Structure formats: C-alpha cells, structure tokens
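Data block below; observations after.
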Amino acid sequence: MSNRGPFETVAFPPAGYGGDLTPRQSWERLSQEPAAQLIDVRTVAEWHFVGIPDLGPLQRQVLCCEWQRFPPAANPDFAREVAEALKHASHRPGAPLFFICRSGGRSRAAAIAMTQAGYGPCFNVAEGFEGTLDTGRHRGSASGWKAAGLPWIQT
C-alpha cells in the first residue's frame with residue numbers, strides 16, 4: 001500500500017519535471033492552491049476554435065502561451081513569454097505550474113522546459129484539453145479536460 005497523497009507523482013528526477021496529473025487532479029490542485037497557475041500551450045487557432053479551460057470559478061484566468069506556432073514550428077520565445085505572463089499574473093515563485101495542450105505531448109515538453117528554466121514545480125496535464133480519440137475518431141469525449149466535465153469556454 002502506498003503512502004503517497006493524491007497529488008504526488010512517481011518520477012521527479014528522471015522525468016525532469018513534477019510529473020503527470022489527470023485533468024481532475026490538476027483542477028483539485030488549482031482549487032486548493034490559489035497561487036498555482038494553469039498555462040495552455042496550444043496554438044491561437046486551438047484556443048479560438050476548440051476552447052480553453054475556464055478558471056473563472058477559481059477567480060483566475062488561464063495563461064495562454066504557444067509552445068509552437070502554426071504551421072508547426074517551435075516558439076523560440078516560449079520561456080520568455082511564459083515568464084512575462086507569470087509576472088503579469090503576479091505569480092509567486094515556487095507556486096505550482098500546470099501545463100495543458102490538446103492531449104498531453106506538448107504540455108509535457110513545456111513542463112520540462114520551464115523546469116529547466118528554473119520554474120516549478122511544473123506538472124503536465126496528461127490527458128490534455130481534448131484527450132485521446134474515441135471510437136468514432138473524435139476528441140473531447142473519451143478523456144481530457146472537457147471529457148472530465150471541467151469548466152471550459154469557447155470564444
């Protein structure tokens with residue numbers, strides 16, 4: 001039997017970041033820690049056409065910083081842009097950062113990059129905003145933030 005709490009993860013040093021959490025675990029942690037921040041690393045097009053997590057019930061806003069631009073190209077200014085967004089959000093150093101993308105790949109890379117930049121603890125929202133494909137080959141219903149019934153908005 002494990003003595004780990006609900007927010008502890010398994011692989012800190014080998015992974016190079018705080019670890020992976022489900023959307024529900026991330027929401028609970030954001031709810032319990034007022035200084036924690038959620039950073040959406042998808043593209044501008046994804047934010048506008050698919051939607052974004054809604055942190056209004058927590059009296060916060062999601063920070064949106066593209067990990068890569070569209071068409072797919074790395075964002076060389078990502079760490080600087082996140083640092084600037086955190087500064088404007090009055091981020092407290094040492095408060096947890098949660099990174100989310102469509103399904104967990106880009107956000108994991110972003111969590112590792114920001115950990116290497118000296119921020120953290122940084123966590124990956126493993127299933128992302130839309131999650132994996134369902135049996136009909138659509139996202140948003142099998143797993144992820146939306147499928148978990150967590151708040152989100154569309155512009």
Side-chain angles (χ1 to χ4, degrees), residues 1-44 46-48 50-68 75 78-132 134 139-155:
M1 179 177 264
S2 173
N3 289 331
R4 283 183 282 135
F7 302 118
E8 293 182 53
T9 55
V10 179
F12 284 105
Y17 67 110
D20 294 338
L21 297 174
T22 67
R24 176 75 50 201
Q25 289 171 321
S26 300
W27 175 261
E28 290 170 3
R29 187 91 178 256
L30 286 160
S31 298
Q32 294 171 359
E33 298 190 34
Q37 294 287 335
L38 178 64
I39 302 164
D40 190 327
V41 304
R42 294 174 299 147
T43 63
V44 171
E46 289 173 292
W47 301 327
H48 289 290
V50 180
I52 61 171
D54 180 13
L55 300 184
L58 305 179
Q59 287 74 50
R60 273 179 273 172
Q61 291 184 333
V62 63
L63 304 179
C64 295
C65 298
E66 291 179 300
W67 172 251
Q68 61 188 37
N75 176 1
F78 178 76
R80 183 189 57 73
E81 290 173 9
V82 170
E84 190 66 25
L86 290 170
K87 179 180 171 186
H88 283 97
S90 301
H91 175 69
R92 179 180 51 79
L97 301 177
F98 299 86
F99 293 85
I100 191 168
C101 66
R102 182 189 69 189
S103 55
R106 288 173 285 174
S107 51
R108 181 180 188 274
I112 291 169
M114 292 309 293
T115 298
Q116 291 172 347
Y119 290 85
C122 297
F123 296 93
N124 175 38
V125 182
E127 298 169 8
F129 187 67
E130 296 182 88
T132 57
D134 63 17
R139 294 187 190 275
S141 63
S143 62
W145 187 276
K146 290 168 75 173
L150 297 171
W152 65 281
I153 56 173
Q154 198 162 20
T155 58

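These numbers were taken from a predicted model, which means no experiment stands behind them.
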Minimum heavy-atom separation for [X] to [Y], with atom names?
{"X": "Cys101", "Y": "Val41", "result": "CB-CG2, 3.8 Å"}
{"X": "Arg24", "Y": "Ala148", "result": "NH2-O, 2.6 Å"}
{"X": "Ala35", "Y": "Ala95", "result": "O-CB, 3.4 Å"}
{"X": "Lys146", "Y": "Gly140", "result": "CB-O, 3.9 Å"}
{"X": "Pro57", "Y": "Pro151", "result": "CG-CG, 4.1 Å"}
{"X": "Pro121", "Y": "Gly94", "result": "CD-O, 3.4 Å"}

Going by heavy atoms in the side chains, are [X] and [Y] under 4.5 Å from each other?
{"X": "Ile39", "Y": "Leu86", "value": "yes"}
{"X": "Phe123", "Y": "Ser26", "value": "no"}
{"X": "Leu97", "Y": "Phe99", "value": "yes"}
{"X": "Gln61", "Y": "Ile52", "value": "no"}
{"X": "Leu63", "Y": "His88", "value": "no"}

Centre of Phe129's six-membered ring, under 6.0 Å away, within 45 degrees of the axis: is that where NZ or CZ of Arg42 sits?
-> yes
Given Trp27, which of Leu38, Val125, Thr22, Leu58 fulfils the side chain to side chain contact (heavy atoms under 4.5 Å, CB included) condition?
-> Leu58
Kindly state each residue pair satisfying side-chain hydrogen bond (donor to acceptor under 3.5 Å, both in side chains) with at least one member in residues 114-128, sequence neighbours excluded.
-> Asp20-Asn124, Ser107-Asn124
Just by modelled atom types, is the [Y] backbone N or O under 3.5 Å from a matching donor or acceptor in the [X] side chain?
{"X": "Trp145", "Y": "Arg102", "result": "no"}
{"X": "Arg106", "Y": "Gln68", "result": "no"}
{"X": "Arg60", "Y": "Leu30", "result": "yes"}
{"X": "Glu130", "Y": "Gly144", "result": "no"}

The reported gap from CD in Glu84 to NE2 in His91 (rounded to nearest 0.5 angstrom) is 13.5 Å
Nearest 0.5 Å, what's the CZ-OG1 distance between Arg139 and Thr132?
-> 7.5 Å
Do Ser31 and Glu28 get their side chains close enough for a donor-acceptor pair, meaning under 3.5 Å?
-> no
Does CD belonging to Glu81 count more than 12 external heavy atoms closer than 6.0 Å?
-> yes
Indicate the ring-plane relationship of Phe78 and Trp67, choosing parallel, tilted or perpendicular according to the 30° and 60° boundaries.
-> perpendicular
